[in-house]
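Scroll down for the structure; my scribbles are underneath it.
Residue numbers start at 1 and run along the sequence shown. Note that this is a predicted model, so its numbers are computed, not measured.
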Amino acid sequence: MTYFLRRLVTFPLIMLGVSILVFVAIRLIPGDAITAMLGTESGLLTPAQRASLAAYFGIDQNWFVQYGRWIWGVVQGDFGLSTTFGRPVLDVIGDRFPMTLQLAVMSLVIALIIGLPAGIYAATRQDRLSDIILRIVAMIGQSTPNFVIGLVIIYILSAGFGILPVMGRPVRFLDDPLGSLAQLSLPALILGFSFAASVTRISRSSMLDVLGEDYVRTARAKGVKRRNVIWKHALRNALIPVVTLSGVEFGYLLGGAVIVEQIFALPGLGRVVLEAIGQRDYAMVQGSILFIALNFLVVNLLVDLLYVALDPRIRLEGR
């Protein structure tokens, strides 16, 4: 409990640091929100009209004043108004994040279903042909960018089988669960394949280390079946590195799989951030990055708590 409370206390400090970094970084990009929003028509504005727009979007003051206004609004639950969408930032995040969350969860499930058994299987057949093949496939999956895998799969499905990925208007999971799963199945499979490659390699390495421990050899010497040694004794300890990797990857996915969302025209959070950066939508970028950072903190905290569930010998208070 002490560790848990200590981590919660650090959350505001970390979020404050992230807010400063993103606030400064977005303003170092050349251009301004008004020019990005109006394009060539911005040159037709009179100085009074430009000043009025700058005041409306809160960019008429120096950086210190702008940051103070923004962070005070964040504390009160007001992340500002998006110039790109013409809506409050939190409303846009609330609309787009559920699809990103569903895509991340589906990718995680696919990665664990494929990667974990493959890694354990490879570890139990070390240096055999099946182990070598799985390692090669895992290396290919890790080294190939997601957008290449996505484009290849789309081409194979469309040219070879006449099947096109389900795109178009997003389907919410609560409105149509089967339709939503169908729409995100291919993007999740693409993300999950790369994710599964990493899970395969880390689970194989971890399982090999655990199988070499004294307690495993003792269990085998006592006549415990190999299957029971692997699934009941070795697996639990071997899962700790897998949990660490899964937490990090899941956090990245919650930030938005920008390229995959762009390929499949998915209105997820990553695509929103990309559009907002191009439009110099300060409020949208700042609010989204803060939200993503909070997701990372929560996921990392849950991963640490899961360590204890897997191995009670781990004492978080001393970390």
Side-chain angles (χ1 to χ4, degrees), residues 93 96-122 134 137-147 149-150 153 165-166 170-174 177-207 235-264 266-273 288 291-310:
I93 293 176
R96 300 299 184 92
F97 181 66
M99 177 163 287
T100 297
L101 176 60
Q102 182 184 342
L103 180 61
V105 171
M106 291 175 63
S107 302
L108 176 63
V109 171
I110 290 172
L112 294 179
I113 289 176
I114 296 175
L116 194 56
I120 296 172
Y121 182 84
L134 284 173
V137 172
M139 291 181 65
I140 293 174
Q142 275 192 305
S143 59
T144 306
N146 287 328
F147 72 89
I149 298 174
I153 291 179
V166 182
V171 179
R172 293 182 178 274
F173 182 79
L174 295 178
L178 293 179
S180 181
L181 291 174
Q183 186 178 51
L184 295 183
S185 58
L186 188 55
L189 182 62
I190 292 169
L191 292 173
F193 177 73
S194 178
F195 193 170
S198 300
V199 172
T200 299
R201 297 194 67 187
I202 197 70
S203 59
R204 175 188 179 276
S205 176
S206 179
M207 181 59 75
L235 178 60
R236 191 164 185 171
N237 289 330
L239 281 178
I240 292 179
V242 177
V243 169
T244 303
L245 172 68
S246 299
V248 173
E249 291 288 343
F250 188 65
Y252 279 117
L253 290 175
L254 288 179
V258 179
I259 296 178
V260 171
E261 289 179 356
Q262 193 73 18
I263 291 175
F264 291 93
L266 298 175
L269 187 59
R271 197 174 174 199
V272 165
V273 176
S288 299
F291 184 75
I292 292 170
L294 180 61
N295 286 332
F296 258 101
L297 293 176
V298 172
V299 169
N300 286 334
L301 179 59
L302 293 177
V303 166
D304 284 350
L305 297 177
L306 190 55
Y307 288 158
V308 179
L310 291 173

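The distance from atom CG of L253 to atom OG of S246, rounded to the nearest 0.5 Å, is 10.5 Å. Distance check: T244 OG1 to E249 CD gives 12.0 Å after rounding to the nearest 0.5 Å. With values rounded to the nearest 0.5 angstrom, L186 atom CG is found 10.0 Å from M106 atom CE. The CD1 atom of I292 sits 12.0 Å away from the CG atom of L297 when rounded to the nearest 0.5 Å. Between the CG atom in L103 and the OG atom in S185 there is a gap of 10.5 Å [rounded to 0.5 Å]. In this structure, L239 CG and I120 CD1 are separated by 7.0 Å, a value rounded to the nearest 0.5 Å.
Counting heavy atoms from C-beta outward, I240 and L306 have side chains that stay 4.5 Å or more apart. Taking 4.5 Å as the limit, every side-chain heavy atom of F296 sits out of range of all side-chain heavy atoms of L254. For the pair N295 and F97, the minimum side-chain heavy-atom distance is below 4.5 Å.
In plain terms, the two heavy atoms of L191 and S107 that are nearest each other are CB-OG, 3.4 Å. Minimum interatomic distance between S198 and Q142 (heavy atoms only, all atoms of both residues): OG-NE2, 3.1 Å. In plain terms, the two heavy atoms of V272 and S288 that are nearest each other are CG1-OG, 4.5 Å. Of all non-hydrogen atoms in R201 and A138, the two that sit nearest each other are CG-CB, 3.6 Å. When all heavy atoms are compared, the tightest approach of L184 to M99 is CD1-O, 4.0 Å. Annotation for G247 and V303: closest pair CA-CG2, 3.7 Å, computed over non-hydrogen atoms.
The backbone N or O of A118 sits nowhere less than 3.5 Å from a side-chain atom of T200 that would complete a donor-acceptor pair. Checking side-chain atoms of S206 against main-chain N and O of I202 turns up no donor-acceptor pair under 3.5 Å.
Centroid-to-centroid, the aromatic rings of F195 and F250 stay 6.0 Å apart or farther.
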Begin with the C-alpha distance, continue with both residues' side-chain angles, and end with the deciding distance and a verdict on side-chain contact (heavy atoms from CB on, under 4.5 Å) for T144 and F193.
CA-CA 10 Å; T144 306; F193 177 73; over 6 Å; no
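Among residues two or more places apart in sequence or in another chain, the side chain to side chain donor-acceptor pair (under 3.5 Å) test is passed with R204 by D131.
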